Each structure stands twice: as structure tokens, then as C-alpha cells.
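Keep in mind that what you see is a predicted model, and the values were worked out from it rather than measured. Numbering starts at 1 and runs along the sequence shown.
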Amino acid sequence: MEIDPDDLFRDDEGDPDNELFQERESTKELVVYLVDASPKMFATTCPAGDRKDDTHFHVAVSCIVQSLKTQIINNSYDEVAICFFNTREKRNLQDLNGVYVFNVADREYLDRPTARLIKEIDNIEESFMSKIGSQYGIVSGSRENSLYNVLWVAQALLRKGSAKTADKRVLLFTNEDDPFGSIKGVIKTDMMRTTLQRTRDAQDLGISIELLPLSRPDSDFNVSTFYSDLLGLKGDDLARFMPAAGEKLEDMKDQLRKRMFKKRLVRKITFSIANGLSIQLSSYALIRPTLPGAITWLDSVTNRPLKTERSFICADTGALVQGSAKRFQPYKTENIKFSVEELSEIKRFSTGHLRLLGFKPLNCLKEFHNLRPSTFVFPTDEELIGSTCIFIALHRSMLRLKRFAVAFYGSSSRPQLVALVAQDEIISAGGQVEPPGMHMIYLPYSEDIRNTEELHTGSNVAPPHANDDQTRNAAALIKRFDLKDFSVFQFANPALQRHYAVLQALALEEDEIPEIKDETVPDEEGMSRPAFVSALEDFKQSVYGDNYEEENDAVGNGKANETSKKRKAVSENAVKESGNYDWVDLADNGKLKDLTVTQLKYYLTANNLPLAGKKEALISRILTHMGK
């Protein structure tokens, strides 16, 4: 088998050092949602905007549905379970009263979310009372403890997976701040003690328990009554806990979204400092481009994922080749053979460790050196005790001396120099803003940097320079169009949002595709204000003068002027021809496919839309522009 030189040193798709695709290496999350189904959750209402008031049970279920939809998109390998407690019916492996584990067919209790699970949990309110039922699980004169039971069930579900490879969490929705309020005396004390002990047992197994409280209209949720002990909240942590955050549905969704979004470990790195001294670091991915999910091939009959297998067949005998195939590279008159192991060894430049080379002043690091998103590193003592102590000493010295570290980071296929820039902790009144640690910036090679070149229209023509009036008007224009408190998180990718909206509608068999708001479209209403229009006109007049349109036709050589006239004539003809068609009627009746490509381009040209692509792409572009 001949070696492809271009493929020999190509990055592997499964390269463990490629941090844009680290889902398989990231920590998987196992989440159990616990929803209080007592009569109070159905009787209590909360504001829901223009619509009628919603029950707290509806708020909790809606939050879970929204979270599951997001989870399928962002972290499709995570697994979830949904448990209702204070129920009339019971369904759980422990056969405990008052606990109902909700599930659908062809799925384990704790498993990856499916479209069928989301669809059925979204409609569960219609049949909840008849099929599952609601009742108080903790009542006077009974030793039944539904809260203890549901924590036991959740702990049993989360036995799956190791604490080192899975992040285990329990999210509890309730509007009852005193679950044992109806019980008095020794029995109450004993039930509280056993419940708190069950919680501590779960936490000892690496399970984190979080509360999402819902405040009733007549009183706020008082976390100090019981749940502060269950969650271990004291002092400042107790004061910062905001029970009122769940009063409205949107507030509750935002709160759940924030709690579900956790920084995930990308991989662990050994940092070799000097003379055999090494420490261990944990790396975390920061901002990364969001990409559509990978395509999975399915069987046309069973709809199950297909497994791809590859076999080599001998060209001479037609028999299957047993063992690993060998490759060769022609060299002069001989074919140099390589085994798969030898090729893998050739491609491996380094062990993948981070090796310190030295230090440089911070002013030597330029903005254009940052070619790709950086990685945040933080010490860990899990395997190398003392890593945190050494890291802190190095971190403080780098901040004090204003230096950054230059290191060699050799992945299996891409050795690279990196800069380690120390970041100090920033704390405000609301808590920690920036954590202490280091940013690993991937430095460019010398070939990646190009010197800027000045372009002049002619050797004897001086380059144009802006005068003071033009500079002043440009500054005023920039100031008027300044985006206050800009953040990339304010703008979602409209193409991806549309992509996922279509997938959601198909998977959940929804009649309509959810409407997507394109946040990248300019604010025409805001830009039409007199102050903005005045600043734009002043800038245009100072640069181009009063007769801008006339000058635009007269400037340039004859060839460019002729091309401009031809383009204008084509555009005018397209507008004229486009007016001969009832495009709305053609789109509604599906007759666009009957038109020729030339006829379709009349509409595209008249509306300044791209003309590239096949006929199907042109029709899709027209329908999108028409909002069909």
C-alpha cells in the first residue's frame, strides 16, 4: 500500500490533543431531576407574563424540557433520569412509596435523553393525576419519608459510572421549604436526621445535590428552615443563595441553565519545569466555535446506528488480508515498507507533555500572536501531590515580575510553542469574576506571520491621507455606533439556531418550526434616528463631497466604468422581468421548480441575493427570503 505524503503527517481526527473536538475525553455528566409532585405544587401559581398563571409543577417540567432540548444539542453523551416524589403511584427499583421514576420504552431509567422522552414529559401534565397522582408523602402519624426515599432512589441511579469519569448531580425542584412541618417531636427530629445522613452519604460518593426553589405567592422560600442544612449552606453562601430567583418561569429557566453549564475538564497535562521537577495541570476549554453535530448513518429498516467496518482484499487471490496491512513509500528504485506502528511512531514528535523553555517580558507577547482560542490551565493534586503549591509559587512570581513562560507543547501530530500567561484573581461584590490560573496561548510559527505591505496606486502618486475634518467626522461616527457592553454571548448563530429548530421539529413531530430571531441583523430602527443619520451624512460628505453619486460614475478608467454600466443594466432588466411573476403564488403552490434557472435568478438579482448554486439551492434561497 503506497503512502500518501499529504496524509502521512495530517492531524488525526481522534487526536487527544485536538481541543476543538474533546467530547469523548470530557467528563460525562449524569443528572437526576427530582420534582416535588405534592398538591402544593399544583395549587400554587406564579406569574407567566401575558398568559394565565402557571403552577409550580408546570414551571419545573417546562424547565426540564428546555434543559433536555439544550442538552441533546450541547452534550449528547450526558445521561438523565426524571423522578417525581410525593406521588400516589410508585415505580422504582427499590419499590419505595411516593417515588415515581418517569421513563419511556427502549430506554433505561438513567440514559441519554431521546425525542420520545422529551415529547412525553412535555405532555405529562394532561395525564399526571390519572396515571401517577399527587399526595403528601410526609404526613403526621406516619413514618413514611418521601424525601428520604427519592434521595435513596437518586443515589442508586447514580451508581452508574465512576466519579473520575462522570460528574454526578441531583437537581431538586420544590416549593415546600419545610417538608417536615406537619410532624412534631422526636419523630420529626429523627426523620430530619436520617434525611440529612442520606444526603451526606450521597455527597461522600461524589454526588452533588442542588436546590431550585419556587417561592409561593404568599411567602418567599425560606432556605434556612431545612434545606440550608441539607445543602451545607453557611455564612456568606447562605446569604448569597437567592430563593426568589425561581418566581417566574423565565427566571427559573435562566437559573437552571446557569447551573447546568459547568466548566468541563478537557484533559490533564504534565508540566515539566526543570531537573525532573514536574507538576500536573488540568486544562479547560474557553470560547470555542459551535459546530453542528456529526452525521450518524442509520439503518433504513431498524433506524439504528450503523457500524462501519473495513477489510482489505488481495487483488491477486480475492481473499481477505489477515493481519495489519503494510504501507510503502517509493525511494529511488526501492519500495520502503512501513508498518502501522512504525508510521504512528514517526508521526509522534513528543510525549504530549508541556515542557518549560524559559521566560519573556509580557510586552514581547503581541495580540497577533494569539491565532486560536487559548486554553485555561489550573493545578491539580490528584496524581502529583504538591502541584498546587509549586504552581502558586510560579504564578505569583510571574505576576510580580510581569513575565510569561514560553513552553513546548508537543501533541502527537502538531508540536507547538505556547505562552503561559498568569491571570490574577478578580473579586467583586457579587463574587469571583476571574479565577487565578494561567492561559495557554498557542504561538505562531515564523511562516505564519507576514509583514504588512503598503499598496499605492502608482509609483509617482502619493497615497491619500485623511484631513482633520474627515478624521473628526469618522471619530464621531464611530462614537455614535458604539455598542455598549458588547459581548459575543449576546448573539447566537442564526444558521445553527435554524438548523437545530428544524431538527427539533422533526424529532418531536411538531407542526410548526420554532421561529428563530436573527440577532445579527442591523437595528434599522435605531440607525434611522436623527443623531445616527446626521453623523453618517457628515462623514460621507467630508470624504466624498456633495456630488458623491455623480463622481462615482465618473471616477475610474473606461473599462471599469463600462463594467459598472453593464451591471446596472442587468440589475434593471432583472427587476423588470421579476415583476412579471407572482412569486408568492408560485411559492405557495410549489411551482418554483417549474421555472428555469435564468428565471429564478431574476428574483435573486432584483433582491440582491447570491446567484451561486444549483437550482434547488436557488429555490431554497428564494423561499428563505420570502419567509416561507
For the [atom1] atom of [X] and the [atom2] atom of [Y], what is their distance to the nearest 0.5 Å?
| X | Y | atom1 | atom2 | result |
| --- | --- | --- | --- | --- |
| Met626 | Leu586 | CE | CG | 8.0 Å |
| Lys360 | Leu362 | NZ | CG | 12.0 Å |
| His369 | Leu417 | NE2 | CG | 11.5 Å |
| Asp111 | Leu157 | CG | CG | 11.5 Å |
| Leu618 | Leu623 | CG | CG | 11.0 Å |
| Ile279 | Leu394 | CD1 | CG | 7.0 Å |

Do the non-hydrogen side-chain atoms of [X] and [Y] ever get within less than 4.5 Å of each other?
| X | Y | value |
| --- | --- | --- |
| Tyr33 | Leu68 | yes |
| Val170 | Ser208 | no |
| Lys268 | Ser282 | yes |
| Lys69 | Tyr500 | no |
| Leu286 | Pro373 | no |

Would you find a donor on one side and an acceptor on the other, under 3.5 Å apart, between the side chain of [X] and the backbone of [Y]?
| X | Y | result |
| --- | --- | --- |
| Asn103 | Arg107 | yes |
| Asp448 | Tyr445 | yes |
| His439 | Ala419 | no |
| Asp381 | Thr388 | yes |

Taking atom [atom1] of [X] as the centre, report whether more than 12 heavy atoms of other residues, nucleotides or ligands fall under 6.0 Å from it.
| X | atom1 | answer |
| --- | --- | --- |
| Arg498 | CZ | no |
| Lys615 | NZ | yes |
| Asp106 | CG | no |
| Glu425 | CD | yes |

Heavy-atom closest contact ([X] atom, [Y] atom, distance):
| X | Y | answer |
| --- | --- | --- |
| Leu158 | Arg169 | CD1-O, 3.9 Å |
| Leu384 | Ser278 | CD1-O, 3.9 Å |
| Gln280 | Ser387 | N-OG, 3.0 Å |

Given Cys63 and Gln66, is the side-chain contact (heavy atoms from CB on, under 4.5 Å) satisfied, shown in steps? CA-CA 5 Å; Cys63 291; Gln66 186 64 38; 5.9 Å; no
Taking only residues two or more places apart in sequence or in another chain, which ones pass side chain to side chain contact (heavy atoms under 4.5 Å, CB included) with Tyr331? Ile336
Those residues that, when tested against Pro494, pass side chain to side chain contact (heavy atoms under 4.5 Å, CB included) (two or more places apart): Asp518, Thr520
Looking at residues at least two apart in the chain, or sitting in another chain, which of them share a side chain to side chain donor-acceptor pair (under 3.5 Å) with Thr270? none
Residues in side chain to side chain donor-acceptor pair (under 3.5 Å) contact with Arg396, at least two apart in sequence or another chain: none
Would you call the rings of Tyr442 and Tyr409 parallel, tilted or perpendicular, taking 30° and 60° as the class edges? tilted
Between Arg112, Lys168, Lys28, which is the residue that forms a salt bridge (Lys or Arg N to Asp or Glu O under 4.0 Å) with Glu79? Lys28
Can Arg403 be said to sit on top of Phe359's aromatic six-ring, NZ or CZ under 6.0 Å from centre and within 45° of the ring axis? no
Qualifying ring pair (Phe, Tyr, Trp, His ring centres under 6.0 Å) pairs, either residue in residues 594-613, two or more places apart: Trp583-Tyr603, Tyr603-His625
What's the verdict on side-chain contact (heavy atoms from CB on, under 4.5 Å) for Val31 and Asp78, showing C-alpha distance, side-chain angles and the deciding distance? CA-CA 8 Å; Val31 181; Asp78 291 349; over 6 Å; no
side-chain contact (heavy atoms from CB on, under 4.5 Å), that's the test. Do Met440 and Leu354 meet it? Break it down for me. CA-CA 10 Å; Met440 186 164 66; Leu354 187 65; 4.0 Å; yes
Please test Phe271 against Ile390 for side-chain contact (heavy atoms from CB on, under 4.5 Å), starting from the C-alpha separation and ending with a verdict. CA-CA 11 Å; Phe271 185 20; Ile390 297 175; over 6 Å; no
Could you tabulate the donor-acceptor pairs under 3.5 Å formed by side-chain atoms of residues 309-323, not counting sequence neighbours?
residue: Thr317; atom: OG1; partner: Ala319; partner atom: N; Å: 3.3

